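Take a look at the structure below.
Just so we're clear, the structure is a prediction, and the values are computed from it rather than from any experiment. Along the sequence shown, the residues carry numbers beginning at 1.
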Amino acid sequence: MDNHQSAPERQRRFRPVLKAFVIVFGALVFFGAGVAVGRGDIHIDNLSYSPSGAKASTFDYSSVDELYSLLNKNFDGSLNKGDLLNGIKTGLVSAAGDPYTEYFSPKDAKDFEQALSGSFTGIGAELGSDQDNNIVIVSPLSGYPAAKAGLQPKDIISAVNGRITTGMRLDAVVRQIRGPADTKVKLTIIRGSGQPFDVTITRAKIKVPSAEHKVDGQIGYLKVSQFSDDTVGLVRQAAKDFKAKSVKGIVLDLRSDPGGYLDSAVDIAGMWLPKGKTVVSERRGGEVLSTRTSGGSGEFQGLPTVVLIDGGSASASEILAGALRDNQAATLVGAKSFGKGSVQEVLHLGDGSELKVTIARWYTPAGKNIDKQGIKPDTEVKAVQTSAGSDKDNQKDKAYELLRAKL
């Protein structure tokens, strides 16, 4: 985690479709344990730091210099200046007190970018923090090690390989959980008011298809597992298939979807909504900073739609679900969503490191702040645990039942 920054300041926004790279997670920082750690609603800009800036000159570093001088003089051992600088920067950002505001070293920044491609090594779960600063499971990915081991949204990870996580940052916990494929990691889990229990998970290569679909008679089933750079294209392929097979209604499954690129969610919302409809607004305090509206491509416009959500639906998936309901394009079925609606901006520093900082909150078209509150479904259906290998899904069955009643 080195940190010289010199060149003049420069901003750049990447969009997956519109060339502005905005990640929603909300949920939640960088992908390490499996999918994402704190990947939230994120704008990614490219900045370098100018030490001559006005704000920088008002910060008094003399006490830090004094502390280093004493440490260097008295410490019985060798000191690595690079590690010390990393510690200073990590501590500085950590002191802001926000679990989604983090400093990434150049190596961590590369891991973050790699994870956004949908391919990485881990347990297949997104991690976040709850209001008590516990490290929690946000979404275990279906079919991957964390889900197979029985981990659930809101599970608290109290220890990793016996090391207590209390007081640890998200990125530090992720590093403990990550490791080569086919190696094992032991997590100590607290679920609800129950006693802690250990789960040993074998790490694996995670390759996530961001969207899949199938046709069941007149109903098109569309599962979006995360919002990646290929998601819009995959959903458009589904739309062509649905049209060719004369689909009359859609079940959109956003369960255990931890989020991803906001632009993908906005573009997909436009497949249901007319052009110009509000999808999400970004606010800081009471001030509206920006409003994202639908492009109105209209592939699914007018088709009855039921959206499935649960406690693992976070960030971009919550924004899409809220936008479709608030614009009367869909009804929601399942369980209350995770509640990750803060906006993080990723600033690229000159040495390859990054700062991810919370800058605002997301609101649905009806003005609902989803951060820490989540979205309640129109029809609440508690998931029924089934035996291993069973394909019974009572939430999905309810969605099909409600949709068939509309056809």
Side-chain angles (χ1 to χ4, degrees), residues 1-15 20-33 36-61 64 81-116 126-129 133 135 168-175 178 259-262 282 284 289-290 315 340-362 371:
M1 297 182 183
D2 250 56
N3 77 154
H4 298 31
Q5 301 101 0
S6 51
E9 290 199 356
R10 187 164 67 90
Q11 284 195 335
R12 181 162 60 100
R13 244 171 223 178
F14 302 86
R15 296 180 187 254
F21 187 19
V22 181
I23 302 174
V24 175
F25 8 93
L28 293 114
V29 176
F30 78 87
F31 295 70
V37 179
R39 177 176 64 178
D41 308 317
I42 304 175
H43 301 268
I44 295 194
D45 288 338
N46 190 14
L47 294 180
S48 57
Y49 169 69
S50 172
S52 61
K55 288 187 178 180
S57 66
T58 63
F59 201 98
D60 184 0
Y61 296 95
V64 177
K81 288 187 177 181
D83 290 342
L84 293 176
L85 284 171
N86 288 341
I88 290 172
K89 289 182 284 185
T90 299
L92 177 67
V93 174
S94 177
D98 174 27
Y100 302 121
T101 295
E102 295 208 52
Y103 169 78
F104 296 156
S105 70
K107 180 183 182 302
D108 290 340
K110 288 179 181 178
D111 290 343
F112 179 66
E113 298 297 335
Q114 179 188 24
L116 294 177
E126 179 171 4
L127 306 188
S129 296
N133 293 321
I135 305 300
M168 291 179 66
R169 295 279 297 177
L170 278 171
D171 60 332
V173 176
V174 166
R175 290 190 193 97
R178 294 186 69 201
Y261 297 122
L262 175 61
E282 177 184 325
R284 181 181 298 157
L289 301 180
S290 66
S315 299
K340 173 61 176 70
S342 60
V343 186
Q344 282 75 46
E345 186 164 24
V346 174
L347 308 177
H348 293 262
L349 305 177
D351 64 348
S353 60
E354 294 176 345
L355 172 67
K356 184 168 76 72
V357 57
T358 297
I359 60 171
R361 311 286 167 184
W362 290 121
D371 197 43

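Closest non-hydrogen pair, A109 versus E354, comes out as CB-CD, 3.5 Å. Nearest heavy atom pair, residue L349 against residue Y103, reads CD1-CE1, 4.2 Å.
Every side chain to side chain donor-acceptor pair (under 3.5 Å) that D98 has, sequence neighbours left out, goes to T101, T358. L84 meets the side-chain contact (heavy atoms from CB on, under 4.5 Å) test with Y68, L71, L79; sequence neighbours excluded.
Between E282 and R361 there is no salt bridge, since no side-chain N of the basic residue sits under 4.0 Å from a carboxylate O of the acidic one.
The distance from the OG atom of S105 to the CG atom of D351 is 9.0 Å, given to the nearest 0.5 Å. Distance check, rounded to the nearest 0.5 Å: CD of Q344 to CD of E102 gives 9.5 Å. Taken from CD1 in I88 to CG in D83, the straight-line distance is 11.5 Å, to the nearest 0.5 Å. One distance of note links CE of M168 with CZ of R175; it measures 9.0 Å at 0.5 Å rounding.
Remark: the backbone N or O of Y100 is paired with a side-chain donor or acceptor of K356 at under 3.5 angstrom. Although no hydrogens or angles enter the test, the distance criterion places a donor-acceptor pair under 3.5 Å between the side chain of K340 and the main chain of S342.
A heavy-atom distance below 4.5 Å is found between the side chains of L92 and F59. For the pair V346 and L355, the minimum side-chain heavy-atom distance is 4.5 Å or more.
Partner of V343 under the side-chain contact (heavy atoms from CB on, under 4.5 Å) criterion, chosen from I359, D371, L262: I359.
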